[in-house]
Peer 1: 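My questions all concern the structure below.
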2 protein chains.
Amino acid sequence: MVDDELGVRRALQRGLTAEGMDVVTAADGPSALELAGTGSFSVILLDIMLPGLSGYRVLERLRADGVRTPVLLVSAKDGDYDQADGLDLGADGYVVKPFSFVVLAAQVKALLRRGADEGAGVLRVGELEVDRGAREARFSGEPLPLSPREFAVLEALASRPGSSVSKDELLRAAWGDEQAATRNAVEVYVGYLRKKLEAAGAGELLRTVRGHGYLVAAP
Amino acid sequence: MVDDELGVRRALQRGLTAEGMDVVTAADGPSALELAGTGSFSVILLDIMLPGLSGYRVLERLRADGVRTPVLLVSAKDGDYDQADGLDLGADGYVVKPFSFVVLAAQVKALLRRGADEGAGVLRVGELEVDRGAREARFSGEPLPLSPREFAVLEALASRPGSSVSKDELLRAAWGDEQAATRNAVEVYVGYLRKKLEAAGAGELLRTVRGHGYLVAAP
DNA sequence: GGGTGCTCTCAGTGCGGTCTCAGCTTCCGG
DNA sequence: CCGGAAGCTGAGACCGCACTGAGAGCACCC
């Protein structure tokens with residue numbers, strides 16, 4: 001957590017620690033960069049109003065250095081700085097001072113949760129394995145050759161086993177942009193996946209939830 | 001979403017709908033209270049500057065009535081009203097006008113996510129299970145094949161077990177828009193549900209409350 | 001330049017789902 | 001016991017969803 005005011009650091013450290021988090025603080029941009037560069041954090045809470053090196057600059061440098069840690073920006077009350085700018089620079093959230101601690105904690109938790117999901121190595125659903133690191137899928141040990149797009153769709157589905165994922169969510173997860181393709185593209189790719197899954201013996205793994213989307217679950 | 005300006009309502013409704021949310025609007029305090037009292041919302045977006053009954057009062061009444069739905073307050077730009085007051089009254093977040101839509105959506109999503117965790121997955125009424133994640137219903141373990149509309153109706157009923165739900169509320173919950181269909185459609189779908197429930201052995205689960213609506217309760 | 005694999009759109013098909021209508025049954029007050 | 005209102009239900013028309021095969025466009029590789 002990066003803030004130049006001692007009082008803010010103390011208060012937030014106490015509050016977040018009470019929520020079960022480990023908190024490390026920094027008071028200025030350079031030390032924040034140094035700490036963040038170690039890559040050993042799950043979330044960075046970054047004040048924009050810092051003496052010397054502003055929070056924007058810190059964020060910019062971090063992203064330029066390839067640090068992907070989620071960043072929650074904290075801004076001063078008056079809107080001289082634009083939230084959209086921060087989000088464009090790669091921030092994952094934005095909180096305006098003075099903020100409700102509950103909301104702040106909720107945002108941090110949401111980012112933590114997301115990070116925990118993304119970081120996981122191998123997803124398993126029944127006999128199916130989705131190896132996010134190797135970008136490879138296997139069924140009962142046998143490799144399952146998938147194109148990049150097919151893999152992305154399967155990954156999105158397998159990350160929420162037993163839960164239905166809508167076509168719009170799949171577009172967002174596997175295409176990145178909801179506008180990039182039509183819903184029919186999703187149907188086509190589910191068709192491809194099914195063909196390959198059935199050939200591997202995974203018949204009923206990928207089910208249709210009519211009117212909503214699809215889900216993967218062990219039979 | 002409660003706001004007295006038609007333009008704001010339209011803009012937010014379009015934007016939030018594009019984010020995949022179902023939005024119902026109200027223009028003043030009393031109708032907001034009436035709608036919110038049904039308890040069928042995940043988040044309430046509440047403008048403070050309302051003619052007649054202010055947002056603060058609406059919030060106060062809601063909490064006094066035991067409505068726990070998360071509330072995101074929206075204030076005018078100048079700080080005549082204090083955020084702390086709103087938070088003390090039981091608000092879960094605060095956004096200052098003029099706000100960035102991206103930020104507003106992010107806050108709403110954060111609240112939705114939190115609510116989704118709490119209200120997670122499976123509603124249970126006696127032997128009946130309504131799995132919101134998989135969009136599937138089960139009775140004594142056996143899957144109960146339902147069409148999307150049937151599922152939506154059952155979900156709305158099961159989310160308030162033992163409590164009568166009016167046909168208009170069901171229209172709002174399962175059709176999204178009160179005008180989308182007639183009340184007779186509700187009767188028809190309750191009929192479909194009853195047929196399938198009886199076939200599964202769930203006889204008296206779905207009862208009629210003459211002159212009002214329907215309710216599900218364990219026998 | 002031809003070949004290959006991937007992506008995505010398009011148009012067509014079949015079927016399940018949705019919803020209205022009209023007639024019927026049930027309920028309840030008088 | 002009657003009549004009207006509320007609720008129920010079978011029939012049927014319409015519609016849009018899910019799926020599929022064909023193929024165009026594209027990048028990459030010999």
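In the text below, chain A, chain B and the rest are named by the order of the sequence lines, each starting its count at 1. The figures here come from the full heavy-atom set of this structure, side chains too, leaving out hydrogens, waters and symmetry mates.
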Peer 1: Kindly give the heavy-atom pair with the smallest separation between Leu215(B) and Ser163(B), and that separation in Å.
Peer 2: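 Here Leu215(B) and Ser163(B) meet closest at CB-O, 3.4 Å.
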Peer 1: Please identify each residue that fulfils salt bridge (charged side-chain N to carboxylate O under 4.0 Å, His left out) with Arg10(B), with sequence neighbours left out.
Peer 2: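 Listed in chain order: nothing, the list is empty.
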Peer 1: Between dT9(C) atom P and Arg183(A) atom CZ, what is the distance in whole Å?
Peer 2: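 After rounding, the gap between these two atoms is 13 Å.
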Peer 1: Between dG7(D) and Lys167(B), is there an OP1 or OP2 to side-chain N/O distance shorter than 4.0 Å?
Peer 2: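 Yes, Lys167(B) has a side-chain N/O under 4.0 Å of OP1/OP2 on dG7(D).
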Peer 1: Considering only heavy atoms, which members of residues 146-158 of chain A lie under 4.0 Å from some atom of DNA chain C?
Peer 2: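 DNA chain C contact set from residues 146-158 of chain A: Ser147(A), Pro148(A), Arg149(A).
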Peer 1: Nearest 0.5 angstrom please: Asp3(B) CG to Asp28(B) CG, how far?
Peer 2: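 The CG atom of Asp28(B) is 11.5 Å from CG of Asp3(B), to the nearest 0.5 Å.
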Peer 1: For nucleotides 23-30 of chain D, just jot down a letter per nucleotide in 5' to 3' order: B, S or -, based on protein non-hydrogen atoms under 4.0 Å.
Peer 2: --------
Peer 1: Does any residue of residues 193-202 of chain A have a heavy atom under 4.0 Å from DNA chain C, and if so, which ones, in number order?
Peer 2: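 Here the set is empty: none.
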Peer 1: For dA6(D), does either OP1 or OP2 sit under 4.0 Å from a side-chain N or O belonging to Thr208(B)?
Peer 2: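 Answer is no, no contact under 4.0 Å.
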Peer 1: Roughly, in whole Å, what's the span from CG in Leu215(B) to P in dG7(D)?
Peer 2: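 The answer, rounded to whole Å, is 13 Å.
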Peer 1: So which atom in Ala218(A) and which in Gly126(A) form the shortest heavy-atom distance, rounded to 0.1 Å?
Peer 2: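 Shortest heavy-atom separation between Ala218(A) and Gly126(A) comes out as CB-CA, 4.0 Å.
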Peer 1: Do Leu46(B) and Leu59(B) have side chains that get closer than 4.5 Å, going by heavy atoms?
Peer 2: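 Heavy-atom side-chain distance check passes, below 4.5 Å.
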Peer 1: Once salt bridge (charged side-chain N to carboxylate O under 4.0 Å, His left out) is applied, do any residues pair with Arg183(A), and if so which ones, sequence neighbours excluded?
Peer 2: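 Listed in chain order: Asp168(A).
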Peer 1: Donor-acceptor pairs under 3.5 angstrom involving side-chain atoms of residues 139-148 of chain A: please list them, not counting sequence neighbours.
Peer 2:
unit_1, atom_1, unit_2, atom_2, d
Ser147(A), OG, Glu150(A), N, 3.3

Peer 1: For Trp175(A) and dT7(C), is the shortest distance between a side-chain N/O and OP1 or OP2 below 4.0 Å?
Peer 2: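 False: Trp175(A) side-chain N/O out of range (4.0 Å or more) of dT7(C) OP1/OP2.
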Peer 1: Angle between the two end axes of the helix from dG1(C)-dC30(D) to dG30(C)-dC1(D), five base pairs per end, rounded to 10 degrees?
Peer 2: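 Here the local axes at opposite ends form an angle of 20°.
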Peer 1: Asp131(A): which residues meet the salt bridge (charged side-chain N to carboxylate O under 4.0 Å, His left out) condition with it, sequence neighbours left out?
Peer 2: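 Asp131(A): salt bridge (charged side-chain N to carboxylate O under 4.0 Å, His left out) contacts with Arg138(A).
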Peer 1: Calculate the interatomic distance between Glu187(A) atom CD and dC17(D) atom P; express it in whole Å.
Peer 2: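 To the nearest whole Å, that distance equals 9 Å.
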Peer 1: With Arg194(B), which residues qualify under side-chain hydrogen bond (donor to acceptor under 3.5 Å, both in side chains), at least two apart?
Peer 2: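 Testing Arg194(B) for side-chain hydrogen bond (donor to acceptor under 3.5 Å, both in side chains), a comparison that skips the adjacent residues, returns Thr208(B).
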Peer 1: Using a 6.0 Å cut-off, check whether atom CD of Glu198(A) has over 12 heavy atoms from anything other than its own residue.
Peer 2: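 For Glu198(A), atom CD is crowded (more than 12 foreign heavy atoms under 6.0 Å).
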Peer 1: Going by the rule side-chain hydrogen bond (donor to acceptor under 3.5 Å, both in side chains), which residues pair with Ser164(A) if we only count those two or more places apart in sequence or in a different chain?
Peer 2: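 If we apply the side-chain hydrogen bond (donor to acceptor under 3.5 Å, both in side chains) test to Ser164(A), skipping adjacent residues, the hits are His212(A).
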Peer 1: Taking only nitrogen or oxygen atoms into account, show me every contact under 3.5 Å that the protein makes with nucleotides 21-30 of chain C, one pair per line with its distance.
Peer 2:
unit_1, atom_1, unit_2, atom_2, d
dC21(C), N4, Asn184(B), OD1, 3.3

Peer 1: Given 3.5 Å as the limit, does a donor-acceptor pair link the side chain of Ser54(A) with the main chain of Leu50(A), or not?
Peer 2: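 Looks like no, no N/O pair under 3.5 Å.
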Peer 1: Where the side chain of Tyr214(A) is defined as all heavy atoms beyond and including C-beta, which of dT20(C), dA18(D), dT9(C) is the nearest nucleotide?
Peer 2: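 That would be dA18(D).
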Peer 1: For the residue pair Ala156(B) and Leu170(B), what are the closest heavy atoms and their distance?
Peer 2: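 For Ala156(B) versus Leu170(B), the nearest heavy atoms are CB-CD2, 3.8 Å.
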Peer 1: Under a 4.0 Å N-O cut-off, is there an ion pair linking Glu169(B) with Arg160(B)?
Peer 2: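 The answer is yes: the pair qualifies as a salt bridge.
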Peer 1: What pairs with Arg210(A) under salt bridge (charged side-chain N to carboxylate O under 4.0 Å, His left out), at least two apart in sequence or on another chain?
Peer 2: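 Per chain and number, Arg210(A) pairs via salt bridge (charged side-chain N to carboxylate O under 4.0 Å, His left out) with no residue.
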Peer 1: Do Val186(A) and Leu171(A) come close enough that some side-chain heavy atom pair is under 4.5 Å?
Peer 2: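 Counting from C-beta outward, Val186(A) and Leu171(A) do come under 4.5 Å.
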